[in-house]
Amino acid sequence: MLLASLVEPSFGLIFWMTLSFLAVLFILRKFAWKPILDGLKDRENSIADALNEAKKAREEIATMKAGNEALMREAREEREVLLKEARDIRDREIAGAKEKAKAEAEAILERAREEIRNEKNAALAELKLQVGELSVEIAEKILLEKLGNDAAQRALVDRMLKDAESRLS
Amino acid sequence: MSLKALIRAGFLMMAMLLSGGALRASEGGDGHGDEEKFNAGKLILDHIGDEHGWHLWGHTTLPLPVILFDTERGLKIFSSSRFDHGHATYDGYAYVDHAVVAVDAPPDPNWNLWEAYVSKKRIWDLSITKNVMSLFISLGLLLWVFMSVAKAYTRRAGQAPTGFQNLLEPIILFVRDDVAKSAIGEHKYEKYMPYLLTAFFFIFLNNLMGLVPFFPGGANLTGNIAVTLVLAMITFVITTVNGNKHYWQHIVAMPGVPGWVLAILTPVEILGMFLKPFVLMIRLFANITAGHIIALSFFSLIFVFGETSAGAGYGVAVGSLAFTVFMTMLELLVAFIQAYVFTFLSAMYIGSAVEEPHHH
């Protein structure tokens, strides 16, 4: 009898269970489950949003870093180019200056040589002139001494002629 | 933590021992006169069954309202203490084997031969029995707990959970993610969450309360077939009402199946439709009741042996208590598992009813 009552649902309990369980279900649905589930969802969404934002910020920083690096590389390359240009210009300038200095020195030397040559010629000419005058004076004195008589003059003419003859032969 | 639970379970067992002894004493003092032997079967069935009035300890019973609807005499409301544990009739009604019956000839309320006069007349018993009282207490507890937790969610929106909210949130998330979402699907689960959550926490709470051997626990509510019947009925109604074209098509005429097979298949499918909630009802009822029966059987061994000699009683008590503690621990696990299984299978049935056809 008792055992049978165990598997035989009692009317009263079915009645109260249906009534009170459904009532509690509807009350909880409105006043408990809705705020709880909404709250959970909102919190999860806000956490997901925060994570997304953090990820985005990280990505932005990464792109910024990459940009900075590119900029730096560009600047370095430009500096290299500028330095190279400067070096080239300097080399060219130095080479040019050397060339010019050499040419100038050459010209100066040439002018000096020319002057030396001229001076030498002038000195030679004057020397010739003075030697000529001196020899004429000496000759005059010798002639005056040696050719004071006819015999001497004759002998001289003869020697001269002989000389001329030997030179012509 | 587990040590603490063990100690607590030990205390519960002690309390059970005391109340059991008292129960035995009260049975011994029955008005039947003869020396009544300890009856383990009666003890167990008393514990897992329902009763009008709530036996607290010894001779103390909490009287509960008896509400009867008699087709001839109308609504009758009186206290369960009027029956004096079945020793008296009141106003033409008597209490026999945990049920209120009408008696034809009640000349004298103290006349105790009324059992021969039990009427065949059907009366509708809407009494607030021990189980109904326990139902109200557990539902009140659910309302109080979850309304206060809900308040915490609105008051501290977007913040980390604290206290009680923190304790319940993982379970709520478990029901949402591992039961509803996995069985019904990401897009349709939300509509069914209130029922699944309410059913889960109702079953879980009552399973736990059933393990507590004294008031307000001790009622075997989730091991009562009327309660599991109502829960299974709600699942059945939700499934049937929300069933889409795809679901009905698969029951009435499974696509791609020849006509002569349908003649066999369709009745089977229709039977299955009712079988699913039926199995749901039986599973919860049987699991919880069986757990109670086993724990109480081990416990009763003490008294069975105690009747032969006090020494044997104490000797058996050691092993028996250990087994009872073990069973109670196991029942703690079963309390959760059965709440989960009921909710998950309900979600599966609902999921199969709202599932969209697959395009392969």
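If you measure heavy-atom distances from B:Asn131 to chain A, the contacts under 4.5 Å come from both the backbone and the side chain. Looking at A:Ser46, neither its backbone nor its side chain comes within 4.5 Å of chain B, counting heavy atoms on both sides. Interface remark: B:Phe69 contributes no atoms to any contact with chain A (heavy atom separation under 4.5 Å). Neither the backbone nor the side chain of A:Ile47 comes within contact range of chain B; no heavy atom of the residue lies under 4.5 Å from a heavy atom of that chain. Of the atoms belonging to B:Leu126, heavy atoms from both backbone and side chain fall under 4.5 Å from chain A.
Atoms CG and CD1, from B:Leu139 and A:Ile27 in turn, are 9.5 Å apart once rounded to the nearest 0.5 Å. Summarising the geometry, atom OG1 belonging to B:Thr154 is positioned 11.5 Å from atom CG belonging to A:Asp42; distances are rounded to the nearest 0.5 Å. Taken from CG in B:Leu197 to CG in A:Leu28, the straight-line distance is 9.5 Å, to the nearest 0.5 Å. Separation of atoms CE (B:Met147) and CD1 (A:Ile36) is listed at 10.5 Å; rounding is to 0.5 Å. In this structure, CG on B:Leu135 lies 9.5 Å from CZ on A:Phe21, to the nearest 0.5 angstrom.
At most 12 heavy atoms of other shown residues, nucleotides or ligands fall within 6.0 angstrom of atom CZ in B:Phe278. Atom CD of A:Glu59 is surrounded by more than 12 heavy atoms from other residues, nucleotides or ligands within 6.0 Å. Enclosure of atom NZ in B:Lys151 is not indicated, since only 12 or fewer non-hydrogen atoms of other residues, nucleotides or ligands lie within 6.0 angstrom. For A:Lys34, the NZ atom counts as loosely surrounded, since its 6.0 Å shell holds 12 or fewer non-hydrogen atoms of other residues, nucleotides or ligands. Counting heavy atoms of neighbouring residues, nucleotides and ligands inside a 6.0 Å radius, atom CG of A:Asp150 does not exceed 12 of them.
Across every non-hydrogen atom of A:Ala32 and B:Phe146, the tightest pair is CB-O, 3.6 Å. Between B:Ala226 and A:Pro9, the shortest heavy-atom distance links the atoms CA-CB, 3.8 Å. Nearest heavy atom pair, residue A:Glu44 against residue B:Leu173, reads OE2-CD2, 3.8 Å.
For the pair A:Leu40 and B:Glu169, the minimum side-chain heavy-atom distance is below 4.5 Å. Considering only heavy atoms from C-beta on, B:Ile234 comes within 4.5 Å of A:Leu22 through its side chain. Side-chain contact between A:Phe15 and B:Ile67: absent, with no pair of heavy atoms (C-beta onward) separated by less than 4.5 Å.
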Stepwise, does the side-chain contact (heavy atoms from CB on, under 4.5 Å) test hold for B:Thr198 with A:Trp33?
CA-CA 9 Å; B:Thr198 312; A:Trp33 302 131; 2.8 Å; yes
A:Lys41 vs B:Glu190, side-chain contact (heavy atoms from CB on, under 4.5 Å): CA-CA, chis, key distance, verdict
CA-CA 11 Å; A:Lys41 204 179 218 173; B:Glu190 272 176 38; 2.4 Å; yes
Applying side-chain hydrogen bond (donor to acceptor under 3.5 Å, both in side chains), run through B:Thr129 and A:Trp16 and close with a yes or a no.
CA-CA 10 Å; B:Thr129 60; A:Trp16 289 116; over 6 Å; no
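Between chain A and the residues B:Leu221, B:Thr289, B:Asn220, B:Leu231, the largest count of heavy-atom pairs under 4.5 Å involves B:Leu231.
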